[in-house]
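Below, each value reflects all heavy atoms present in this structure, side chains not excepted, and no hydrogens, waters or symmetry copies. So you know, we letter chains A, B, ... as the sequences are listed, proteins then strands, and number each from 1.
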Amino acid sequence: MRNLLHDMNPSVKFILITLSMLAIAFFFNPWTPFLFWVSIILLQLTMSRTKWKLWLLFMLPFSIGAFGYLWTTVVFGADTGGTVIWSFAGLDVTDEQWARALSLAFRVMAFSTLSLLFAFTTDPVKFILSLMQQLKLSPKLAYGVMVGYQFLPVMKDEFIQIQQAQRLRGAKMQKHSWQRLLSMRQVLIPMLAGAVRKAERSAFAMEARGFTGEPRSAFYRPIRIGRIDILMSGVFLVILFVSCAGGSWLS
Amino acid sequence: MLKSWKLKEVVLMSLFAVVFGIVYLLFVHAANIWAAVIGPLAYEWMFGIWFIVSIICMYIIRKPGAAFMSETMAAAIEVLIGNAMGPRLILSGVIQGLGAEAAFALTGYKHFNILVLMLAGIGSAVFSFIYGYFISGYAALDPSFVALMFTIRVLSGAIIAGIGGKYIGDALLATGSLRGYAIARAKKGDVNA
């Protein structure tokens, strides 16, 4: 049971999540995104091995963002009519407006939860392999992305190295974080120049070992679509249908 | 489309996608915190940053698809790193990339001057706004507020992505590491090589 979300085919999961998002975006009542949000959390609670502390940490900025959506929609919302439920500092808030604001805020929460579900239950390398095998992504692109992904730790080291080298030569560190953001190009240009050289070297190495990038039918690590995927697709579609129908009925 | 691509160009895009994927994520987090204070408007003025990789890659590689694929790759890398935006980033990456690509396609992939690059930034801004209008429910907001958001996003696309992209591309060319790519050949006046 706790493996179900982890064992799903990543492409199937990806398509289901994208579909659900597009469907939810059609609804402006507060209940649909709310029901969907709760069900996705329940789904992840019962069918995955998530580290919930980390999950909460990731969720935090999005909760803050959702709050931003809530109040802007209340203040800058389109005129929708409806009865005034409360006034604040000369601002009348109608029930319709409040419902819409709640809906958008819950939408942010629902989408973030859905995205976290994917992030917490999907192995990145399997995802790329699956994109290549199930969704026919060109191997040239798929392996290109994988090369980039494997270079991540190297890039991190390089970033620190460049910074240290610059400090060694007496380049001043900016005090404020926003100043540091603006002086990013000091580090960005050497990083990119290094990336260009790495790209050339690794492409050369790949070609020297016989990588052509031609589409193929046999794979070293096959990723398959199985019964779990059919089952889980059913679960996702039921959740989606219940939130859409239930949300429209409740409001 | 990929037939005419050299492997080193594909890998170059991917590595740029990694660098900018990280930059993008940093800005997503910064913007999210901003957004609590000033609402969705917080994202608008920095939107151009999220279009920049497509413009830099197209400026360097100059082949059909460079803008679209690099932006999609950057989104994919952001998903691979693991973040809370998840798969929907890929969709927005595809759409932003298509916007920039459309601008380059309109000019027949022949001109890569500052105006075309700014147009590409605007293309991304317009495409992403249409998508955002739908997915984030801007229809629920006041039309004049939406118009303000749109204007800021277009300006941000043109200035940060267009001008900023050219600036970074030129700075990179000056380092001499881009020999062997279309941008260096074009500088020598040998455009079609």
Tell me the closest heavy-atom pair linking [X] and [Y], and the distance in Å.
| X | Y | result |
| --- | --- | --- |
| B/Ala139 | A/Arg100 | O-NH1, 3.8 Å |
| B/Thr175 | A/Arg197 | O-NH2, 4.3 Å |
| A/Glu200 | B/Tyr181 | OE2-CE1, 3.1 Å |
| A/Phe118 | B/Val79 | CE2-CG1, 3.8 Å |
| B/Val10 | A/Gly144 | CG1-CA, 4.3 Å |
| B/Val11 | A/Ser202 | CG1-OG, 3.7 Å |

So [Y] and [X], do their side chains get closer than 4.5 Å, heavy atoms only?
| X | Y | result |
| --- | --- | --- |
| B/Ile22 | A/Leu152 | yes |
| A/Leu192 | B/Phe20 | yes |
| B/Leu7 | A/Phe204 | no |
| A/Tyr149 | B/Leu80 | yes |

Can you tell which part of [X] gets under 4.5 Å to a heavy atom of chain A, answering side chain, backbone, both or neither?
| X | result |
| --- | --- |
| B/Tyr131 | side chain |
| B/Leu12 | both |
| B/Phe145 | side chain |
| B/Ile60 | neither |
| B/Val23 | side chain |

Can you tell which part of [X] gets under 4.5 Å to a heavy atom of chain B, answering side chain, backbone, both or neither?
| X | value |
| --- | --- |
| A/Met155 | side chain |
| A/Leu70 | neither |
| A/Leu60 | neither |

- Query: Taking the side chain from A/Arg107 and the backbone from B/Ile135, do they hold a donor-acceptor pair closer than 3.5 Å?
  - Reply: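 Side chain of A/Arg107 to backbone of B/Ile135, a donor-acceptor pair under 3.5 Å: yes, one is there.
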
- So with a 6.0 Å cut-off around CZ of A/Phe67, is the heavy-atom count from everything else above 12?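 No, the 6.0 Å shell around CZ holds no more than 12 heavy atoms from other groups.
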
- Item | Selection from B/Ala174, B/Ser136, B/Ala17 maximising heavy-atom pairs under 4.5 Å formed with chain A |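 Top option by heavy-atom pairs under 4.5 Å: B/Ser136.
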
